[in-house]
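Input: a single structure, listed below in structure tokens.
These values consider heavy atoms only, across backbone and side chains, with no hydrogens, waters or symmetry-generated copies.
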Amino acid sequence: VHERSAQLEDARAAYRRALTLAPRSPLPPAALARLELGAKNPEAALEAARRAQQNPETRAAGFRIEAEVLAQLQRFPEAARALEQMQQAQPSAEGAIALYQARVRANAGAPERALADWIESNPRDLAVRAAYAEHFQRAGNRPRAIQEYEAALKLEPNSAVLLNNLAWLYNEVNDKRAVETARKAHALAPRNAAITDTLGWVLVNAGQLDEGIQFLREAAAAAPGSVDIQYHLAQALGRKGDKAAAQEVVNRALQAQATPEWRAKFEELGRTLR
């Protein structure tokens with residue numbers, strides 16, 4: 001209440017009293033660090049985090065708080081080092097993913113090692129394995145991404161997200177399993193626009209234009225602000241030869257506030273339709 005009322009000295013006093021009353025809880029040092037960071041006192045925020053690190057009960061939380069403060073200060077390499085210490089003090093799946101993300105933001109080499117190390121000891125951890133697969137997908141390593149998604153699906157065969165991502169990759173490498181996999185994902189999450197888009201685009205690439213366009217229209221109606229879905233729909237309509245409908249989609253996209261990159265793509269697509 002003091003903090004929200006901008007009574008910062010009273011808020012500090014209350015948080016410090018909470019630290020005394022609950023020395024094993026990570027909540028007071030986290031709250032104090034947040035207060036100091038909001039008050040533009042980053043060194044005081046880091047001090048609160050490092051104070052928590054001195055207590056064995058809150059040591060791991062102290063490193064996590066320090067990493068959060070450093071990340072907000074855009075000191076990403078230091079944030080990654082703090083998370084490495086957190087993982088050493090108290091390893092967890094959440095910590096492995098946080099460390100991976102911090103290493104990515106710090107442009108560190110082989111950031112996926114944080115995930116691989118956890119999977120080596122916890123091979124049935126679905127969340128980390130899925131993050132591992134996503135890493136390879138983003139990196140453009142399709143064979144490895146497919147391998148990891150297939151491994152993740154052995155743990156959770158009915159994950160619509162995993163099936164969707166795998167279907168997309170199958171489509172990119174011209175694997176005939178793309179359509180079947182996309183249909184499974186859509187059956188599990190029929191109202192998810194991104195998953196409907198994947199099914200539509202996979203069907204279009206498989207030569208099933210009419211059904212594919214039907215799903216792409218459905219996805220575009222559900223997510224009118226998604227430029228990639230609109231782009232897929234315009235491409236599919238163009239492939240079918242319905243240039244007027246495709247141009248209409250392109251025009252709507254150009255009227256929207258798309259990024260310069262997407263505007264360039266739609267403008268190029270529009271030129272091919274003439």
Side-chain angles (χ1 to χ4, degrees), residues 2-4 6 8-9 11-123 125-141 144-145 148 259:
H2 284 313
E3 183 178 356
R4 292 190 179 191
L8 298 188
E9 285 304 321
R12 285 189 183 93
Y15 285 142
R16 287 170 181 154
R17 178 61 176 157
L19 281 167
T20 303
L21 294 171
R24 297 181 178 182
S25 171
L27 297 179
L32 184 57
R34 183 196 65 235
L35 169 73
E36 297 296 1
L37 194 59
K40 302 189 184 305
N41 296 319
E43 290 308 316
L46 291 171
E47 181 185 350
R50 289 163 183 161
R51 189 183 304 121
Q53 294 165 16
Q54 297 170 7
N55 186 335
E57 299 285 345
T58 57
R59 179 173 173 78
F63 287 120
R64 176 182 55 76
I65 297 165
E66 180 181 6
E68 290 173 359
V69 172
L70 290 167
Q72 290 197 45
L73 297 173
Q74 298 189 2
R75 291 159 60 177
F76 299 122
E78 294 173 77
R81 285 193 290 273
L83 288 169
E84 287 171 8
Q85 292 174 290
M86 180 191 76
Q87 278 296 85
Q88 291 172 5
Q90 188 176 315
S92 69
E94 294 79 3
I97 293 172
L99 176 54
Y100 162 73
Q101 293 170 339
R103 285 177 173 170
V104 168
R105 297 178 80 181
N107 293 316
E112 74 279 8
R113 272 308 327 162
L115 306 174
D117 290 344
W118 181 260
I119 290 171
E120 186 175 346
S121 303
N122 304 272
D125 191 302
L126 180 61
V128 177
R129 191 170 285 280
Y132 198 43
E134 289 170 12
H135 164 78
F136 289 111
Q137 185 173 9
R138 283 192 294 268
N141 187 340
R144 186 60 187 277
E148 294 302 329
T259 64

How close do [X] and [Y] get, counting heavy atoms only, and between which atoms?
{"X": "Val128", "Y": "Ala93", "result": "CG2-CB, 3.7 Å"}
{"X": "Ala133", "Y": "Ala145", "result": "O-CB, 3.8 Å"}
{"X": "Arg12", "Y": "Ala39", "result": "NH2-CB, 4.0 Å"}
{"X": "Asn55", "Y": "Pro23", "result": "ND2-O, 2.9 Å"}
{"X": "Arg103", "Y": "Pro111", "result": "CB-CB, 3.6 Å"}
{"X": "Glu3", "Y": "Leu8", "result": "O-CD2, 4.5 Å"}

If the plane angle is over 60° it's perpendicular, under 30° parallel, otherwise tilted; pick one for Tyr132 and Phe136. perpendicular
Contact between [X] and [Y] at the side-chain level, heavy atoms closer than 4.5 Å - yes or no?
{"X": "Arg51", "Y": "Leu32", "value": "yes"}
{"X": "Phe76", "Y": "Gln74", "value": "yes"}
{"X": "Gln72", "Y": "Val69", "value": "no"}
{"X": "Leu70", "Y": "Leu46", "value": "yes"}
{"X": "Leu115", "Y": "Glu148", "value": "no"}
{"X": "Ser92", "Y": "Gln87", "value": "yes"}

Basic-acidic side-chain contact under 4.0 Å: Arg34, Glu68: no
As an exercise, state the distance from [atom1] of [X] to [atom2] of [Y], rounded to the nearest 0.5 Å.
{"X": "Leu99", "Y": "Arg81", "atom1": "CG", "atom2": "CZ", "value": "12.0 Å"}
{"X": "Leu37", "Y": "Leu73", "atom1": "CG", "atom2": "CG", "value": "5.5 Å"}
{"X": "Ile119", "Y": "Glu112", "atom1": "CD1", "atom2": "CD", "value": "10.5 Å"}
{"X": "Gln90", "Y": "Thr58", "atom1": "CD", "atom2": "OG1", "value": "10.5 Å"}
{"X": "Ile97", "Y": "His135", "atom1": "CD1", "atom2": "NE2", "value": "13.5 Å"}

Has Arg24 got more than 12 heavy atoms of other residues, nucleotides or ligands less than 6.0 Å from its CZ? no
My understanding is that only one of Arg59, Arg64, Glu66 makes a side-chain hydrogen bond (donor to acceptor under 3.5 Å, both in side chains) with Gln53; could you say which? Glu66
side-chain contact (heavy atoms from CB on, under 4.5 Å) involving Ala139 - partner list, sequence neighbours excluded: none
